[in-house]
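Input: a single structure, listed below in C-alpha coordinates.
Just so you know, these numbers come straight off a predicted model, no measurement behind them. Whatever order the structure lists ligands and atoms in, that order sets their numbers, starting from 1. If you read the sequence from its start, that first residue is 1, and numbering goes on from there.
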Amino acid sequence: MSTIAAIATGNAAGGIGVIRISGDEATAVADRVFKAMDGSLLADLGGYRAKFGNVIIGGQPSDNAVALVFKAPKSYTGEDVVEISVHGGLLIVQKTLEAVLDAGAKPAEAGEFTKRAFLNGKMDLTQAESVASLISAQGEAGMKASFNALQGSLSDKINSVLQKLLDMSALMSAWVDYPDEEIPELEEDELLSTLKECEAELDELLQNYDNGQTVIDGVDTAIVGMPNVGKSSLMNMLVGRDKSIVTQIEGTTRDIVEESVRLGDLVLHLRDTAGLRESDDVVESIGIDKAYKALDEAQLVLAVFDNNKPLQKQDREILEKAKSKPAVAVINKVDLEQRLETDEIENAFAKVVYICAKENKGLKELSSAVEELLGVQDFDTGAPMLANLRQRQNCQNAKENIAEAIGGVEMGVTYDAVNVMVDSAVEELLSLTGKKATTEVVNNIFSKFCVGK
Ligand SMILES: Nc1nc2c(c(=O)[nH]1)N(C=O)[C@@H](CNc1ccc(C(=O)N[C@@H](CCC(=O)O)C(=O)O)cc1)CN2
Ligand SMILES: Nc1nc2c(ncn2[C@@H]2O[C@H](COP(=O)(O)OP(=O)(O)OP(=O)(O)O)[C@@H](O)[C@H]2O)c(=O)[nH]1
Ligand SMILES: [Mg+2]
(Lines give C-alpha, C1' and ligand atoms only; values in the text may rest on other atoms or scores of the structure.)
(Ligands and ions follow the chains in the order given, each with its own letter.)
Protein backbone atom coordinates (compact mmCIF):
# COMPACT_ATOMS: atom_id res chain seq x y z
CA MET A 1 0.00 0.00 0.00
CA SER A 2 1.06 3.56 -0.64
CA THR A 3 2.36 5.59 2.27
CA ILE A 4 -0.05 8.15 3.72
CA ALA A 5 0.31 10.89 6.30
CA ALA A 6 -1.91 13.27 8.23
CA ILE A 7 -2.08 15.31 11.39
CA ALA A 8 -3.52 12.98 14.03
CA THR A 9 -4.13 15.55 16.74
CA GLY A 10 -6.76 17.88 15.34
CA ASN A 11 -6.80 21.44 14.24
CA ALA A 12 -6.02 23.28 17.45
CA ALA A 13 -2.89 24.28 19.31
CA GLY A 14 -1.88 21.91 22.10
CA GLY A 15 1.08 20.69 24.09
CA ILE A 16 2.17 18.32 21.36
CA GLY A 17 0.95 17.64 17.84
CA VAL A 18 1.30 14.28 16.14
CA ILE A 19 1.88 13.54 12.45
CA ARG A 20 1.06 9.94 11.64
CA ILE A 21 2.59 8.12 8.68
CA SER A 22 1.45 4.65 7.56
CA GLY A 23 2.56 2.37 4.73
CA ASP A 24 5.52 0.43 3.36
CA GLU A 25 7.69 3.54 3.14
CA ALA A 26 6.73 4.98 6.53
CA THR A 27 10.17 4.70 8.11
CA ALA A 28 12.01 5.77 4.93
CA VAL A 29 9.79 8.85 4.61
CA ALA A 30 10.14 9.70 8.29
CA ASP A 31 13.96 9.35 8.10
CA ARG A 32 13.99 12.18 5.53
CA VAL A 33 12.29 14.55 7.97
CA PHE A 34 13.37 13.35 11.40
CA LYS A 35 16.99 13.13 12.56
CA ALA A 36 17.56 11.21 15.79
CA MET A 37 20.08 12.83 18.18
CA ASP A 38 22.12 9.61 18.27
CA GLY A 39 22.19 9.40 14.47
CA SER A 40 20.24 6.14 14.27
CA LEU A 41 17.74 5.53 11.48
CA LEU A 42 14.09 4.80 12.19
CA ALA A 43 14.26 2.19 9.43
CA ASP A 44 16.70 0.20 11.60
CA LEU A 45 14.50 0.26 14.70
CA GLY A 46 12.16 -2.49 15.86
CA GLY A 47 8.50 -1.91 16.64
CA TYR A 48 7.37 0.11 19.66
CA ARG A 49 10.67 1.99 19.77
CA ALA A 50 10.97 5.73 20.17
CA LYS A 51 13.77 8.22 19.41
CA PHE A 52 14.34 11.80 20.39
CA GLY A 53 15.58 14.13 17.66
CA ASN A 54 14.84 17.12 15.42
CA VAL A 55 12.50 17.65 12.53
CA ILE A 56 14.16 19.21 9.51
CA ILE A 57 12.03 21.65 7.57
CA GLY A 58 13.48 23.28 4.44
CA GLY A 59 16.95 22.00 5.38
CA GLN A 60 16.77 23.55 8.86
CA PRO A 61 16.31 21.78 12.20
CA SER A 62 12.98 23.36 13.20
CA ASP A 63 11.71 21.65 16.32
CA ASN A 64 12.58 18.98 18.85
CA ALA A 65 10.51 15.90 18.29
CA VAL A 66 9.90 12.31 19.31
CA ALA A 67 9.43 9.63 16.67
CA LEU A 68 7.60 6.43 17.53
CA VAL A 69 7.93 3.38 15.29
CA PHE A 70 5.39 0.57 14.87
CA LYS A 71 6.33 -2.42 12.72
CA ALA A 72 3.79 -4.22 10.52
CA PRO A 73 1.60 -6.00 11.36
CA LYS A 74 1.75 -4.72 14.94
CA SER A 75 0.23 -1.28 14.58
CA TYR A 76 -3.14 0.42 14.39
CA THR A 77 -3.31 0.08 10.61
CA GLY A 78 -1.44 -3.22 10.43
CA GLU A 79 1.25 -1.49 8.35
CA ASP A 80 4.55 0.14 9.30
CA VAL A 81 3.64 3.32 11.14
CA VAL A 82 5.74 6.24 12.34
CA GLU A 83 4.34 8.95 14.55
CA ILE A 84 6.28 12.17 14.83
CA SER A 85 5.37 14.29 17.85
CA VAL A 86 6.35 17.94 17.64
CA HIS A 87 5.35 20.91 19.78
CA GLY A 88 1.65 21.42 19.22
CA GLY A 89 1.58 24.83 17.52
CA LEU A 90 -0.70 24.96 14.49
CA LEU A 91 2.08 26.20 12.20
CA ILE A 92 4.81 23.80 13.28
CA VAL A 93 2.45 20.83 12.99
CA GLN A 94 1.32 21.95 9.53
CA LYS A 95 4.90 22.56 8.34
CA THR A 96 6.02 19.15 9.61
CA LEU A 97 3.19 17.50 7.69
CA GLU A 98 4.22 19.40 4.55
CA ALA A 99 7.80 18.19 5.00
CA VAL A 100 6.55 14.61 5.34
CA LEU A 101 4.47 14.99 2.17
CA ASP A 102 7.49 16.46 0.35
CA ALA A 103 9.46 13.43 1.52
CA GLY A 104 7.14 11.14 -0.41
CA ALA A 105 3.96 10.46 1.58
CA LYS A 106 0.47 11.09 0.18
CA PRO A 107 -2.05 13.09 2.18
CA ALA A 108 -4.40 10.62 3.89
CA GLU A 109 -8.06 10.76 3.00
CA ALA A 110 -10.78 11.02 5.65
CA GLY A 111 -10.79 7.82 7.70
CA GLU A 112 -7.99 6.25 5.67
CA PHE A 113 -5.96 4.98 8.64
CA THR A 114 -8.97 3.21 10.09
CA LYS A 115 -9.99 2.00 6.63
CA ARG A 116 -6.56 0.38 6.28
CA ALA A 117 -6.97 -1.16 9.72
CA PHE A 118 -10.23 -2.68 8.43
CA LEU A 119 -8.78 -3.80 5.10
CA ASN A 120 -5.80 -5.36 6.90
CA GLY A 121 -8.11 -7.33 9.18
CA LYS A 122 -7.29 -5.42 12.37
CA MET A 123 -10.95 -4.71 13.01
CA ASP A 124 -14.31 -5.32 11.40
CA LEU A 125 -16.73 -2.65 10.18
CA THR A 126 -18.67 -2.38 13.43
CA GLN A 127 -15.42 -1.76 15.29
CA ALA A 128 -14.28 0.82 12.73
CA GLU A 129 -17.61 2.60 13.05
CA SER A 130 -17.28 2.55 16.83
CA VAL A 131 -14.04 4.55 16.47
CA ALA A 132 -16.09 7.32 14.86
CA SER A 133 -18.78 7.21 17.54
CA LEU A 134 -16.17 7.07 20.30
CA ILE A 135 -14.60 10.25 18.96
CA SER A 136 -17.93 12.03 18.68
CA ALA A 137 -19.42 10.74 21.93
CA GLN A 138 -20.42 13.59 24.21
CA GLY A 139 -21.88 11.72 27.14
CA GLU A 140 -20.32 9.09 29.35
CA ALA A 141 -22.87 6.45 28.40
CA GLY A 142 -22.17 6.97 24.70
CA MET A 143 -18.46 6.75 25.37
CA LYS A 144 -18.79 3.46 27.24
CA ALA A 145 -21.12 1.98 24.66
CA SER A 146 -18.78 2.92 21.81
CA PHE A 147 -15.77 1.46 23.58
CA ASN A 148 -17.68 -1.79 24.06
CA ALA A 149 -18.31 -1.91 20.34
CA LEU A 150 -14.62 -1.20 19.70
CA GLN A 151 -13.83 -4.20 21.91
CA GLY A 152 -16.05 -6.24 19.60
CA SER A 153 -19.25 -6.69 21.63
CA LEU A 154 -21.51 -6.13 18.63
CA SER A 155 -19.30 -8.21 16.34
CA ASP A 156 -19.39 -11.08 18.84
CA LYS A 157 -23.16 -10.91 19.03
CA ILE A 158 -23.64 -10.82 15.26
CA ASN A 159 -21.07 -13.54 14.70
CA SER A 160 -22.77 -15.86 17.17
CA VAL A 161 -26.11 -15.48 15.38
CA LEU A 162 -24.29 -15.91 12.09
CA GLN A 163 -22.68 -19.16 13.25
CA LYS A 164 -26.04 -20.62 14.22
CA LEU A 165 -27.48 -19.75 10.82
CA LEU A 166 -24.48 -21.18 8.99
CA ASP A 167 -24.63 -24.46 10.94
CA MET A 168 -28.31 -24.75 10.20
CA SER A 169 -27.82 -23.91 6.56
CA ALA A 170 -25.10 -26.57 6.23
CA LEU A 171 -27.39 -29.20 7.74
CA MET A 172 -30.24 -28.27 5.43
CA SER A 173 -28.01 -28.35 2.35
CA ALA A 174 -26.67 -31.74 3.29
CA TRP A 175 -30.19 -33.00 3.78
CA VAL A 176 -31.27 -31.61 0.42
CA ASP A 177 -28.19 -32.66 -1.55
CA TYR A 178 -27.68 -36.15 -0.13
CA PRO A 179 -31.08 -37.49 0.80
CA ASP A 180 -29.80 -41.06 0.52
CA GLU A 181 -26.81 -40.67 2.83
CA GLU A 182 -26.79 -41.40 6.49
CA ILE A 183 -27.69 -37.91 7.58
CA PRO A 184 -29.86 -37.78 10.66
CA GLU A 185 -33.24 -36.32 9.81
CA LEU A 186 -33.55 -32.67 10.65
CA GLU A 187 -35.80 -32.12 13.59
CA GLU A 188 -38.27 -29.47 12.60
CA ASP A 189 -38.72 -28.35 16.21
CA GLU A 190 -35.04 -27.84 16.62
CA LEU A 191 -34.82 -25.89 13.40
CA LEU A 192 -37.67 -23.66 14.47
CA SER A 193 -36.30 -23.03 17.91
CA THR A 194 -32.89 -22.07 16.54
CA LEU A 195 -34.46 -19.74 13.99
CA LYS A 196 -36.61 -18.15 16.69
CA GLU A 197 -33.60 -17.73 18.94
CA CYS A 198 -31.76 -15.88 16.15
CA GLU A 199 -34.81 -13.76 15.43
CA ALA A 200 -35.15 -12.81 19.10
CA GLU A 201 -31.49 -11.87 19.41
CA LEU A 202 -31.66 -9.59 16.38
CA ASP A 203 -34.93 -8.18 17.62
CA GLU A 204 -33.36 -7.23 20.93
CA LEU A 205 -30.64 -5.31 19.08
CA LEU A 206 -33.27 -3.50 17.02
CA GLN A 207 -35.34 -2.64 20.09
CA ASN A 208 -32.31 -1.07 21.69
CA TYR A 209 -31.39 1.00 18.66
CA ASP A 210 -33.29 4.17 19.54
CA ASN A 211 -31.94 4.23 23.06
CA GLY A 212 -28.44 3.78 21.73
CA GLN A 213 -28.83 6.69 19.32
CA THR A 214 -30.19 8.88 22.09
CA VAL A 215 -27.31 8.05 24.35
CA ILE A 216 -24.57 8.45 21.74
CA ASP A 217 -25.71 11.43 19.71
CA GLY A 218 -27.55 13.39 22.37
CA VAL A 219 -31.09 14.66 22.08
CA ASP A 220 -32.24 17.71 20.06
CA THR A 221 -34.32 19.52 22.63
CA ALA A 222 -36.58 22.55 22.19
CA ILE A 223 -37.55 24.75 25.14
CA VAL A 224 -40.90 26.27 24.18
CA GLY A 225 -43.70 28.20 25.85
CA MET A 226 -45.40 31.55 26.04
CA PRO A 227 -43.40 34.72 26.63
CA ASN A 228 -42.07 35.27 30.13
CA VAL A 229 -42.81 31.77 31.47
CA GLY A 230 -39.09 31.34 32.20
CA LYS A 231 -37.72 29.44 29.18
CA SER A 232 -34.44 31.31 29.18
CA SER A 233 -34.20 31.00 32.95
CA LEU A 234 -34.58 27.22 32.52
CA MET A 235 -31.95 27.27 29.78
CA ASN A 236 -29.54 29.06 32.09
CA MET A 237 -30.29 26.69 34.94
CA LEU A 238 -29.46 23.72 32.68
CA VAL A 239 -26.35 25.32 31.20
CA GLY A 240 -25.16 26.48 34.61
CA ARG A 241 -24.43 30.06 33.57
CA ASP A 242 -26.03 33.13 32.00
CA LYS A 243 -26.28 31.94 28.43
CA SER A 244 -29.65 33.44 27.45
CA ILE A 245 -30.84 36.95 28.24
CA VAL A 246 -33.49 36.98 30.97
CA THR A 247 -35.69 40.03 31.64
CA GLN A 248 -39.22 40.61 32.87
CA ILE A 249 -40.10 41.95 29.41
CA GLU A 250 -42.22 39.62 27.27
CA GLY A 251 -40.52 38.81 23.98
CA THR A 252 -36.95 38.99 25.26
CA THR A 253 -35.63 35.98 23.37
CA ARG A 254 -35.85 36.17 19.59
CA ASP A 255 -33.07 34.30 17.89
CA ILE A 256 -32.67 30.69 18.93
CA VAL A 257 -30.00 30.26 21.60
CA GLU A 258 -28.23 26.91 21.45
CA GLU A 259 -26.04 25.01 23.89
CA SER A 260 -25.29 21.36 24.59
CA VAL A 261 -25.46 20.26 28.21
CA ARG A 262 -25.14 17.06 30.14
CA LEU A 263 -28.20 16.07 32.10
CA GLY A 264 -27.58 12.90 34.09
CA ASP A 265 -26.19 10.37 31.62
CA LEU A 266 -27.62 12.20 28.62
CA VAL A 267 -26.48 15.04 26.44
CA LEU A 268 -29.19 17.51 25.45
CA HIS A 269 -28.70 19.86 22.52
CA LEU A 270 -30.83 22.67 23.89
CA ARG A 271 -32.56 25.37 21.86
CA ASP A 272 -34.06 28.24 23.82
CA THR A 273 -36.73 29.86 21.67
CA ALA A 274 -38.85 33.00 21.42
CA GLY A 275 -42.05 33.03 23.47
CA LEU A 276 -45.02 31.88 21.37
CA ARG A 277 -47.71 34.50 20.88
CA GLU A 278 -49.35 36.62 18.17
CA SER A 279 -46.99 39.47 17.35
CA ASP A 280 -46.96 42.45 15.00
CA ASP A 281 -43.27 42.98 15.53
CA VAL A 282 -41.41 41.84 12.41
CA VAL A 283 -38.30 40.67 14.24
CA GLU A 284 -40.21 38.90 16.97
CA SER A 285 -42.42 37.17 14.39
CA ILE A 286 -39.39 35.70 12.68
CA GLY A 287 -38.22 34.45 16.06
CA ILE A 288 -41.63 32.87 16.67
CA ASP A 289 -41.52 31.09 13.30
CA LYS A 290 -38.11 29.73 14.25
CA ALA A 291 -39.52 28.57 17.57
CA TYR A 292 -42.27 26.56 15.84
CA LYS A 293 -39.69 25.06 13.53
CA ALA A 294 -37.50 24.09 16.50
CA LEU A 295 -40.55 22.50 18.12
CA ASP A 296 -41.24 20.47 14.97
CA GLU A 297 -37.64 19.32 14.61
CA ALA A 298 -37.04 18.48 18.25
CA GLN A 299 -36.65 14.94 19.54
CA LEU A 300 -37.59 16.19 22.99
CA VAL A 301 -39.75 19.15 23.98
CA LEU A 302 -39.56 20.98 27.28
CA ALA A 303 -42.88 22.84 27.33
CA VAL A 304 -42.68 25.55 29.96
CA PHE A 305 -45.74 26.97 31.78
CA ASP A 306 -46.07 29.76 34.34
CA ASN A 307 -47.47 28.46 37.64
CA ASN A 308 -48.66 31.96 38.45
CA LYS A 309 -50.93 32.42 35.41
CA PRO A 310 -54.08 30.63 34.22
CA LEU A 311 -53.72 28.67 30.98
CA GLN A 312 -53.95 30.88 27.90
CA LYS A 313 -55.11 30.05 24.39
CA GLN A 314 -51.51 29.81 23.24
CA ASP A 315 -50.63 27.49 26.13
CA ARG A 316 -53.34 25.11 24.97
CA GLU A 317 -51.95 25.23 21.44
CA ILE A 318 -48.52 24.27 22.74
CA LEU A 319 -50.11 21.56 24.80
CA GLU A 320 -51.72 20.13 21.67
CA LYS A 321 -48.54 20.31 19.60
CA ALA A 322 -46.43 18.75 22.31
CA LYS A 323 -48.72 15.70 22.45
CA SER A 324 -47.25 14.25 19.28
CA LYS A 325 -43.71 14.41 20.69
CA PRO A 326 -41.79 13.13 23.65
CA ALA A 327 -42.49 16.11 25.86
CA VAL A 328 -42.05 17.10 29.49
CA ALA A 329 -44.29 19.82 30.91
CA VAL A 330 -42.15 22.10 33.04
CA ILE A 331 -44.22 24.15 35.44
CA ASN A 332 -42.07 27.07 36.48
CA LYS A 333 -42.31 29.70 39.21
CA VAL A 334 -43.57 27.36 41.90
CA ASP A 335 -42.39 29.99 44.41
CA LEU A 336 -45.36 32.10 43.33
CA GLU A 337 -49.03 31.49 44.04
CA GLN A 338 -50.60 28.77 41.87
CA ARG A 339 -53.04 30.13 39.32
CA LEU A 340 -52.32 27.53 36.63
CA GLU A 341 -54.76 24.68 35.96
CA THR A 342 -52.14 22.03 36.64
CA ASP A 343 -54.72 19.20 36.34
CA GLU A 344 -55.16 19.93 32.68
CA ILE A 345 -51.41 19.75 32.18
CA GLU A 346 -51.06 16.58 34.25
CA ASN A 347 -53.67 15.04 31.95
CA ALA A 348 -52.01 16.11 28.72
CA PHE A 349 -48.38 15.19 29.47
CA ALA A 350 -46.80 11.90 30.39
CA LYS A 351 -44.27 13.77 32.55
CA VAL A 352 -44.76 16.94 34.54
CA VAL A 353 -42.13 18.55 36.73
CA TYR A 354 -42.37 21.54 39.02
CA ILE A 355 -39.40 23.87 39.15
CA CYS A 356 -38.24 27.25 40.26
CA ALA A 357 -35.75 28.31 37.61
CA LYS A 358 -34.96 31.52 39.42
CA GLU A 359 -33.63 29.56 42.40
CA ASN A 360 -32.22 26.64 40.37
CA LYS A 361 -34.67 24.20 41.93
CA GLY A 362 -35.96 21.04 40.27
CA LEU A 363 -32.98 19.97 38.15
CA LYS A 364 -32.87 16.41 39.54
CA GLU A 365 -36.60 15.90 38.98
CA LEU A 366 -36.29 17.18 35.43
CA SER A 367 -33.34 14.91 34.78
CA SER A 368 -35.16 11.77 35.93
CA ALA A 369 -38.31 12.77 34.04
CA VAL A 370 -36.33 13.09 30.81
CA GLU A 371 -34.50 9.78 31.31
CA GLU A 372 -37.74 7.97 32.11
CA LEU A 373 -39.57 9.55 29.20
CA LEU A 374 -36.86 8.55 26.73
CA GLY A 375 -36.57 5.11 28.31
CA VAL A 376 -32.85 5.34 28.92
CA GLN A 377 -32.82 5.11 32.72
CA ASP A 378 -31.79 1.45 32.68
CA PHE A 379 -29.77 1.69 29.50
CA ASP A 380 -27.08 -0.98 29.63
CA THR A 381 -23.90 0.48 28.19
CA GLY A 382 -22.31 -2.98 28.33
CA ALA A 383 -24.87 -4.55 26.01
CA PRO A 384 -24.07 -4.86 22.31
CA MET A 385 -25.62 -2.01 20.38
CA LEU A 386 -26.25 -1.11 16.76
CA ALA A 387 -24.49 2.16 16.11
CA ASN A 388 -26.03 3.56 12.95
CA LEU A 389 -28.69 3.25 10.25
CA ARG A 390 -26.52 1.05 8.07
CA GLN A 391 -26.12 -1.55 10.78
CA ARG A 392 -29.77 -1.25 11.71
CA GLN A 393 -30.87 -1.85 8.12
CA ASN A 394 -28.75 -5.00 7.77
CA CYS A 395 -30.05 -6.28 11.08
CA GLN A 396 -33.66 -5.51 10.17
CA ASN A 397 -33.33 -7.27 6.80
CA ALA A 398 -31.73 -10.32 8.41
CA LYS A 399 -34.53 -10.47 10.95
CA GLU A 400 -37.14 -10.32 8.20
CA ASN A 401 -35.40 -13.09 6.27
CA ILE A 402 -35.39 -15.25 9.37
CA ALA A 403 -39.07 -14.51 9.98
CA GLU A 404 -39.77 -15.69 6.43
CA ALA A 405 -37.75 -18.82 7.04
CA ILE A 406 -39.77 -19.50 10.19
CA GLY A 407 -43.00 -19.02 8.23
CA GLY A 408 -41.63 -21.36 5.57
CA VAL A 409 -40.80 -24.15 8.01
CA GLU A 410 -44.20 -23.79 9.68
CA MET A 411 -45.94 -24.07 6.34
CA GLY A 412 -43.85 -27.08 5.43
CA VAL A 413 -41.99 -25.66 2.42
CA THR A 414 -38.95 -27.57 1.23
CA TYR A 415 -35.64 -27.16 3.01
CA ASP A 416 -33.94 -25.77 -0.05
CA ALA A 417 -36.53 -22.98 -0.14
CA VAL A 418 -36.03 -22.31 3.57
CA ASN A 419 -32.31 -22.33 2.99
CA VAL A 420 -32.57 -19.51 0.45
CA MET A 421 -34.09 -17.31 3.14
CA VAL A 422 -31.50 -18.31 5.71
CA ASP A 423 -28.75 -17.55 3.21
CA SER A 424 -30.19 -14.07 2.65
CA ALA A 425 -30.04 -13.47 6.40
CA VAL A 426 -26.42 -14.68 6.38
CA GLU A 427 -25.56 -12.23 3.60
CA GLU A 428 -27.04 -9.34 5.57
CA LEU A 429 -25.06 -10.19 8.69
CA LEU A 430 -21.84 -10.61 6.70
CA SER A 431 -22.30 -7.18 5.24
CA LEU A 432 -23.10 -5.75 8.70
CA THR A 433 -19.70 -6.79 10.05
CA GLY A 434 -18.01 -6.11 6.72
CA LYS A 435 -16.88 -9.66 6.04
CA LYS A 436 -18.66 -9.21 2.74
CA ALA A 437 -19.33 -5.51 2.26
CA THR A 438 -19.15 -3.80 -1.13
CA THR A 439 -16.40 -1.28 -1.84
CA GLU A 440 -19.09 1.34 -2.11
CA VAL A 441 -20.39 0.66 1.39
CA VAL A 442 -16.87 0.64 2.80
CA ASN A 443 -15.88 3.89 1.05
CA ASN A 444 -19.05 5.54 2.22
CA ILE A 445 -18.42 4.60 5.84
CA PHE A 446 -14.89 5.94 5.96
CA SER A 447 -15.63 9.11 4.04
CA LYS A 448 -17.59 10.27 7.10
CA PHE A 449 -14.52 10.07 9.33
CA CYS A 450 -12.24 12.99 10.00
CA VAL A 451 -8.83 13.24 8.33
CA GLY A 452 -6.14 11.71 10.53
CA LYS A 453 -8.38 8.96 11.87
N1 LIG B 1 0.14 7.13 19.79
C2 LIG B 1 -0.99 6.55 19.49
N3 LIG B 1 -1.97 6.46 20.41
C4 LIG B 1 -3.16 5.89 20.09
C5 LIG B 1 -3.40 5.38 18.78
C6 LIG B 1 -2.35 5.48 17.83
O7 LIG B 1 -2.48 5.08 16.67
N8 LIG B 1 -1.17 6.07 18.23
N9 LIG B 1 -4.64 4.80 18.50
C10 LIG B 1 -5.21 4.74 17.26
O11 LIG B 1 -5.66 5.69 16.69
C12 LIG B 1 -5.45 4.33 19.60
C13 LIG B 1 -4.90 3.01 20.08
N14 LIG B 1 -5.05 2.00 19.09
C15 LIG B 1 -4.09 1.09 18.74
C16 LIG B 1 -4.50 -0.13 18.28
C17 LIG B 1 -3.58 -1.13 18.02
C18 LIG B 1 -2.23 -0.88 18.17
C19 LIG B 1 -1.23 -1.95 17.94
O20 LIG B 1 -0.01 -1.73 18.00
N21 LIG B 1 -1.67 -3.17 17.71
C22 LIG B 1 -0.85 -4.33 17.49
C23 LIG B 1 -0.34 -4.90 18.80
C24 LIG B 1 -1.32 -5.67 19.60
C25 LIG B 1 -0.78 -6.22 20.90
O26 LIG B 1 0.35 -6.01 21.27
O27 LIG B 1 -1.61 -6.89 21.54
C28 LIG B 1 -1.61 -5.36 16.70
O29 LIG B 1 -2.83 -5.20 16.57
O30 LIG B 1 -0.99 -6.26 16.20
C31 LIG B 1 -1.81 0.38 18.58
C32 LIG B 1 -2.74 1.36 18.86
C33 LIG B 1 -5.47 5.36 20.68
N34 LIG B 1 -4.12 5.82 21.02
N1 LIG C 1 -40.74 34.23 40.67
C2 LIG C 1 -40.10 33.62 39.69
N3 LIG C 1 -39.74 34.31 38.60
C4 LIG C 1 -39.08 33.67 37.62
C5 LIG C 1 -38.77 32.29 37.71
N6 LIG C 1 -38.13 31.94 36.58
C7 LIG C 1 -38.03 33.06 35.81
N8 LIG C 1 -38.62 34.10 36.43
C9 LIG C 1 -38.71 35.47 35.96
O10 LIG C 1 -39.60 35.53 34.86
C11 LIG C 1 -39.19 36.53 33.95
C12 LIG C 1 -39.09 35.98 32.54
O13 LIG C 1 -38.03 35.02 32.49
P14 LIG C 1 -37.37 34.54 31.12
O15 LIG C 1 -36.51 33.38 31.48
O16 LIG C 1 -36.73 35.67 30.44
O17 LIG C 1 -38.67 34.09 30.35
P18 LIG C 1 -38.77 33.59 28.84
O19 LIG C 1 -39.79 32.52 28.84
O20 LIG C 1 -37.45 33.24 28.31
O21 LIG C 1 -39.35 34.85 28.11
P22 LIG C 1 -39.23 35.29 26.56
O23 LIG C 1 -37.84 35.15 26.12
O24 LIG C 1 -39.71 36.68 26.56
O25 LIG C 1 -40.17 34.41 25.81
C26 LIG C 1 -37.88 37.08 34.48
O27 LIG C 1 -38.15 38.26 35.17
C28 LIG C 1 -37.41 35.99 35.42
O29 LIG C 1 -36.59 36.48 36.46
C30 LIG C 1 -39.16 31.58 38.86
O31 LIG C 1 -38.94 30.39 39.03
N32 LIG C 1 -39.82 32.30 39.81
MG1 LIG D 1 -36.36 33.95 26.73
Geometric N/O contact Gly275 with ligand 2, under 3.5 angstrom: yes
Does an N or O anywhere in Asp272 fall below 3.5 Å from an N or O of ligand 2? no
A student comparing Arg254, Lys333, Met226, Gln248 should find that the heavy atom closest to atom 10 (O) of ligand 2 comes from Lys333
Is there an N/O/S atom in Met235 that lies less than 2.8 Å from the Mg ion (ligand 3)? no
In terms of its nearest heavy atom to atom 30 (C) of ligand 2, the top option of Glu284, Lys358, Glu359, Lys361 is Lys358
May I ask you to identify the nearest protein heavy atom to atom 6 (C) of ligand 1, giving residue, atom name and distance to one decimal place in Å? Glu83 OE2, 3.3 Å
Relative to the heavy atoms of Pro73, which atoms of ligand 1 are at a distance of less than 4.0 Å? 30 (O)
Can you list the atoms of ligand 2 that are under 4.0 Å from a heavy atom of Val229? 19 (O)
For atom 11 (O) of ligand 1, what is the nearest protein heavy atom, given as residue, atom name and distance? Lys453 NZ, 2.7 Å
Part of Glu250 with heavy atoms under 4.0 Å of ligand 2, whether side chain, backbone, both or neither: backbone
Polar proximity ligand 2 side, Ala274 side, N/O cut 3.5 Å exclusive: no
Which residue and atom name correspond to the protein heavy atom nearest atom 26 (O) of ligand 1, and how close is it? Tyr48 OH, 4.0 Å
Nearest non-hydrogen contact with atom 15 (O) of ligand 2 belongs to which option: Ala291, Ser233, Gly251? Ser233
Counting heavy atoms under 4.0 Å, the part of Asn332 that contacts ligand 2 is side chain
Taking atom 16 (C) of ligand 1 as the reference point, the nearest protein heavy atom with its distance: Tyr76 CD1, 3.7 Å
For the residue pair Tyr76 and Met123, establish whether any side-chain heavy-atom pair is separated by less than 4.5 Å. yes
With a 4.5 Å heavy-atom cut-off, do Phe34 and Thr96 have their side chains touching? no
